[in-house]
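Scroll down for the structure; my scribbles are underneath it.
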Amino acid sequence: MDGRPSDPLPYEGVWRFTAPAVDASVPQARHAVRDLLLRQGVPVSDDLVHGLLLIVSELVTNAVRHAALLSPMLAVEVAVGAEWVRVAVEDNHPYRPTALEADHGQTGGRGLLLVTEIAREAGGVCNVEHTASGGKVIWVALPLKPAR
C-alpha cells in the first residue's frame, strides 16, 4: 500500500445503528462502538478509546434522559477517516442543548461540558446540528493519533 489519499485505509468507513431511547442502550452503544473500533483495526490509543466511550455514554444518556418522550429511538453513527474518528448521536427531539456553549449554573448538563472538554483536550471538535426531520445530531470528531 503506497498510502495515496485515493486509497482508503482498511479501517475507514461509516457505521450507523439505532437503539431504543432506554437506559439499557447506554452500555450497549458503548460496547458496540468499542467492538467496532477493535474489529476494524482502527489505530486508536487507549486514552482515545476511553475518551470516545465516555463521549458515547454521555451523548446516549442525554438522548435517553431528555429526548425519549419525543424520540423513542436514537441513532449512533461512527465515521472513521484516515486521520480522525467521529461519533454522533441523533434523536428526533428539537431541543438544542445549551450546555455545549457554557454552564449557566444548572445542576444537570455537566455531561456535555465533559464531552466538550474531552474533545478540546484531544484536539477535536464538538457540535450540534439540526436534522432534516426536525431533530438534532450531536457529534464529536477527534484526531487519530496511531498508537506507536
Side-chain angles (χ1 to χ4, degrees), residues 9-148:
L9 294 165
Y11 56 80
E12 288 184 78
V14 178
W15 297 267
R16 182 178 174 91
F17 55 92
T18 57
V22 296
D23 288 339
S25 294
V26 176
Q28 289 171 350
R30 195 172 48 242
H31 295 309
V33 170
R34 185 196 61 211
D35 294 348
L36 172 70
L37 295 172
L38 286 171
R39 190 171 63 245
Q40 292 304 123
V42 180
V44 285
S45 66
D46 289 345
D47 285 348
L48 188 61
V49 170
H50 180 73
L52 278 170
L53 298 182
L54 196 52
I55 288 167
V56 168
S57 292
E58 290 295 338
L59 296 183
V60 173
T61 296
N62 284 350
V64 168
R65 278 202 191 128
H66 304 295
L69 197 61
L70 292 178
S71 182
M73 296 296 287
L74 57 91
V76 177
E77 186 174 279
V78 180
V80 183
E83 299 175 0
W84 51 269
V85 59
R86 177 184 184 263
V87 292
V89 175
E90 182 179 328
D91 63 59
N92 288 320
H93 195 293
Y95 171 71
R96 182 184 171 107
T98 55
L100 279 172
E101 284 90 40
D103 180 9
H104 300 292
Q106 299 149 333
T107 51
R110 302 269 189 272
L112 286 176
L113 291 172
L114 180 64
V115 166
T116 56
E117 191 56 35
I118 293 168
R120 191 176 312 123
E121 283 183 15
V125 291
C126 179
N127 204 356
V128 183
E129 295 171 4
H130 292 287
T131 62
S133 63
K136 68 180 164 306
V137 59
I138 302 175
W139 59 267
V140 177
L142 302 178
L144 281 179
K145 295 177 181 128
R148 303 258 180 259

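All residue numbers refer to positions in the sequence shown, counting from 1. None of the values given here were measured: they were computed from a predicted structure.
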With [X], which residues qualify under side chain to side chain contact (heavy atoms under 4.5 Å, CB included), at least two apart?
X      : value
Ala122 : Leu142
Glu58  : Leu114, Val115
Arg120 : Thr116, Glu117

Closest non-hydrogen atom pair between [X] and [Y], with its separation:
X      : Y      : result
Glu12  : Ala82  : OE1-N, 3.4 Å
Pro43  : Leu144 : O-CD2, 3.9 Å
Phe17  : Ala32  : CZ-CB, 3.6 Å
Ala79  : Val14  : CB-CG2, 3.9 Å
Ile118 : Gly51  : CG2-CA, 3.9 Å

Task: Rounded distance [0.5 Å steps], CG in Leu112 versus CG in Leu59 - done: 6.5 Å
TODO: Any chance you could measure His50, atom NE2, to Ser45, atom OG, to the nearest 0.5 Å?
DONE: 11.0 Å
Side-chain heavy-atom pair [X], [Y] within 4.5 angstrom cut-off:
X     : Y     : answer
Val33 : Trp15 : no
Thr18 : Leu74 : no
Val87 : Val76 : no

For residues 20-30, run the donor-acceptor check on the side chains, cut-off 3.5 Å, and write out each pair with its distance to 0.1 Å, sequence neighbours left out.
residue	atom	partner	partner atom	Å
Ser25	OG	Pro20	O	2.6
Arg30	NH1	Ser57	OG	2.7

Task: Check against side-chain contact (heavy atoms from CB on, under 4.5 Å), Val85 and Leu52 - done: CA-CA 9 Å; Val85 59; Leu52 278 170; 3.7 Å; yes
Task: Crowding at CZ, Arg65 (>12 non-hydrogen neighbours, <6.0 Å) - done: no
Donor-acceptor contacts, no H, no angles, side chain residues 132-139, under 3.5 Å, sequence neighbours left out:
residue	atom	partner	partner atom	Å
Ser133	OG	Asn92	OD1	3.2
Ser133	OG	Thr131	OG1	3.1
Lys136	NZ	Asp91	OD1	2.8
Lys136	NZ	Asp91	OD2	3.2
Lys136	NZ	His93	O	3.2
Lys136	NZ	Tyr95	O	3.2
Trp139	NE1	Glu129	OE2	3.0

Task: salt bridge (Lys or Arg N to Asp or Glu O under 4.0 Å) partners for Arg86, two or more places apart - done: Glu77
- [ ] Give every residue pair that meets the salt bridge (charged side-chain N to carboxylate O under 4.0 Å, His left out) criterion with at least one member in residues 33-43, sequence neighbours excluded.
- [x] none
